[in-house]
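Report on one structure; see the data block that follows.
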2 protein chains.
Amino acid sequence: MSAPPDSAAFLAELRAALSADAVLSSAEELRPYECDGLSVLRELPLCVVLPTDREGVQAVLRICQRYGVALVPRGAGTGLSGGARPIRGAVLLSLARLRDILAIDLENRSARVQPGVRNLAISEAARPLGLYYAPDPSSQIACSIGGNVAENSGGVHCLKYGLTVHNILALEVLTAAGEVLQIGSQAPDSPGYDLLALMTGSEGLLGVVTECTVRLLPVPEHTLVLLAAFTSVAAAAESVSAIIAAGIIPAGLEMMDRLAIEAAEDFVHAGYPRDAAAILLCELDGSTAELKERRLAVEVILQRHGASAIRMAEDAATRLLLWKGRKAAFPAVGRLAPDYYCMDGTIPRQRLAEVLEQIAAWSVEYGLRVANVFHAGDGNLHPLILYDANAEGQLHAAETFGQRILELCVAVGGTVTGEHGVGVEKLDSMCVQFNAAELAQLHRIKAAFDPEGRLNPGKAVPSLHRCAELGAMHVHHGQLPFPELERF
Amino acid sequence: MSAPPDSAAFLAELRAALSADAVLSSAEELRPYECDGLSVLRELPLCVVLPTDREGVQAVLRICQRYGVALVPRGAGTGLSGGARPIRGAVLLSLARLRDILAIDLENRSARVQPGVRNLAISEAARPLGLYYAPDPSSQIACSIGGNVAENSGGVHCLKYGLTVHNILALEVLTAAGEVLQIGSQAPDSPGYDLLALMTGSEGLLGVVTECTVRLLPVPEHTLVLLAAFTSVAAAAESVSAIIAAGIIPAGLEMMDRLAIEAAEDFVHAGYPRDAAAILLCELDGSTAELKERRLAVEVILQRHGASAIRMAEDAATRLLLWKGRKAAFPAVGRLAPDYYCMDGTIPRQRLAEVLEQIAAWSVEYGLRVANVFHAGDGNLHPLILYDANAEGQLHAAETFGQRILELCVAVGGTVTGEHGVGVEKLDSMCVQFNAAELAQLHRIKAAFDPEGRLNPGKAVPSLHRCAELGAMHVHHGQLPFPELERF
């Protein structure tokens, strides 16, 4: 992607359409935007634009169309797969200044918000009405709802309450050409193709979200957290399957292995048992009667699977303490080694034990420690591979190890990403996940929204060439099977 | 759509690829297929093909591609909006002979089935494992899972358990060109655009489903049904909003008005109170403790809204009796007049009372009686407009009345179809629901899957021309805004 033929005229048009302070173009101003949460990949954009309303976004899209310039939409920039990483010669379109909560509707239990509103701010605003927004990615203090829609974000509670896609009702989207699409409604189903789900998780490749109506839920009457310790990872993993198989859907069901437990204890002293091979944190919510019954059922299952110690927290303070170690686990593990590589793959729940065992074996083979902290109930793994980028060969080993984990996820019937998205990080893994016909179909959908390929190019869906070069795709006589899609 | 240049050669190829008895082409053989559940619209197809496996479907798709022939995919043909109505000169592709349940997976709580498997057959097969498939359209004895996917079918229990889209995990889909796409997985989220949701409800326009993996749920421990009678429709409607607002999600929450109650009573003697202006049927399921608590909460709400009589059924026989009237309501109403027009629109729940009032006013204005039997909890209305097609002007009056109801649904923030799909019946209403840019986007998605427009042409999404002719779309200087999409 190269800068437009007349960069000065292009920037002048943007400044005229927005306001002078809404277009950043000096190297100094651009620096804070050079990466998202995947900080190993940095790049400076052509400029950053910060419109304050839909009309501003529309103006930017139309000017970019006239000049043939690409755009990278960006929420809070907390994404972990490089989805919002700038592209040289492209505009970085920040939605951060569209940050109004437009309405909270008690009767429909919904909130209409602009894309730059922070995830947690929605729950804070709804709280006086006894409502909240359920999806809670770890970054919820900072991440924006627009970014959540782009990545179909999950979180600890998505086991019971679903991903972003299950918690949004309607979107206002601008196409690459600046056309306005109203998608979805308050109704449970909408006629026409399901563009609401299609847009959610599309990583900014299909359109720019300028408004979002989310579903709000009543704050649960009661909540309790159980902590169970196990002498083996396999026993903890089997408990997870057993709880779900019993028809119990906890609000959250998280697992940590020994290395993660130790790191968390050293860091925040949550009182986790250091001698355990693994712990489970199981949150239950509901009415008093429901909770009493479910808690007993869960305890019986945990004990049957050999849980060596079970602690329970009912009051808010003790609950927060039990969660504190889990929430601090990533930075805590970060203190164990100069660098870590956070993986994100999903597997069918009942394969947890064997997959964790294989990861442990590879850890020995590669000589790299791995801490596991993850959404066990969803089968959403987050192995953290510890390494030292300054030690000869360790970065490469960590990447190879990580790639093998993702391939294993696909092999057992899972996927290469749980909730962090593909971005630029997982492009090669997508060649493992999908065959040529499937990738070609994804590119055709992209073309149906953005025929010039100017929205977040090079992200989320690898080109057929890239997969062919990786050897993951069969190429006939040096020809790609779908020549019409070459430009993607 | 016209027959291929050499019809005999085309049929011979189909017969060679399948078997002689899998290709029907005489008028006599075609007659049973001339309509689906929307029986007022009849047409004979070029031929009916009945492949027995994926390879057979693939062969049909490839032969049709070579001859440039269109196809209409068909499940059990129970759809109510004409989605599976044959098209002259096109092949009717029946999936009825792909009817194997391939696997029931207890650990993953899922079933892998062929598209022709009946909805209820899945639950029957899963029952010995204590599991069932939740979506239950009224036609569940007959309708097929492939058809359910095509229409994103709902049912009485989708209030709590979701529509088809929320209960499928993976699909095997053939494109118009016969390419195989594996979509979705056992994992909660899949990378790439959400093709699973996109395909669900696409009414056979994007691809042909050849395999479907559905989610199974544990059969609830206990179930009970409450019947509440009200002296006004508005009070019943307000109870519905109040129950949901209290954070209670019943397994089903259905409403019937006086005409529907009387018709049902005359027909099946379910014991409904004939003097009530409206009744609610509220089904609750869960564990014993949960039910006890929720039942009390619901009763308090019903009484507070003036419910004049509340009956409860806990045992299976009494429950079935209470449901019997609801399930028989459509045929029961059918006995009141020579013809009825079953509408299907969705509105935000809290607008129920005023929308029902407006329908009652129009009923007087048009001189046509209306019975209301519907999924109140979902805001999914089914007004049944009674008329006599042989009485001068009544068919036209019923259609105009119906169209006004759908426009009202859109005006209050709802949609023109709840669960019956668009098919051919709702094409004009789609011009009300969507603007030109939105319709154009739907057509571009169609083109991304089926560039030649040979899968179920003329269904589900109206052409821009059609909407322009209806005056529902602004046409500049006699030109359609999107000339490249003229052929759709």
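Chain identifiers are assigned alphabetically (A, B, ...) following the order of the sequence lines, protein sequences preceding nucleic acid strands; residue numbering begins at 1 within each chain.
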Flag the one option from [options] with the top tally of heavy-atom pairs under 4.5 Å to chain B.
options                                : result
A:Gly421, A:Gly286, A:Pro348           : A:Pro348
A:Val422, A:Leu206, A:Leu217, A:Ile347 : A:Leu206
A:Ser287, A:Ser185, A:Gly379           : A:Ser287
A:Leu442, A:Thr346, A:Thr417           : A:Leu442
A:His166, A:Gln433, A:Gln182           : A:Gln182
A:Ala245, A:Gly201, A:Gly414, A:Pro218 : A:Ala245

**Message:** Taking every non-hydrogen pair under 4.5 Å, which of B:Thr200, B:Leu163, B:Asn380, B:Thr175 racks up the most with chain A?
**Reply:**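 Option with the top pair count is B:Leu163.
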
Would you say the side chain of [Y] lies within less than 4.5 Å of the side chain of [X], judging by non-hydrogen atoms?
X        : Y        : value
B:Ile244 : A:Arg109 : yes
A:Met430 : B:Pro191 : yes
B:Gln441 : A:Tyr193 : no
A:Ser241 : B:Glu107 : no
A:Asn435 : B:Val180 : no
A:Asp194 : B:Asp194 : no

**Portion of B:Ala460 that has a non-hydrogen atom of chain A nearer than 4.5 angstrom** = neither

**Request:** Enter the distance from B:Leu439:CG to A:Leu181:CG here, rounded to the nearest 0.5 Å.
**Result:** 10.5 Å

**Item:** CG-CD1 distance between A:Leu195 and B:Ile445, expressed to the nearest 0.5 angstrom
**Value:** 4.5 Å

**Request:** Write down the atom of A:Ala437, the atom of B:Glu179, and the distance for their closest heavy-atom approach.
**Result:**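 In this case the closest contact between A:Ala437 and B:Glu179 is CB-OE1, 3.3 Å.
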
**Item:** Closest approach of A:Arg444 to B:Ala448 (non-hydrogen atoms, all atoms of both residues)
**Value:**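 In this case the closest contact between A:Arg444 and B:Ala448 is CD-O, 3.0 Å.
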
**A:Gln350 side chain vs B:Asn108 backbone, donor-acceptor pair below 3.5 Å** =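 Looks like no, no N/O pair under 3.5 Å.
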
**Electrostatic pair B:Glu290-A:Arg294, nearest N-O below 4.0 angstrom** = yes

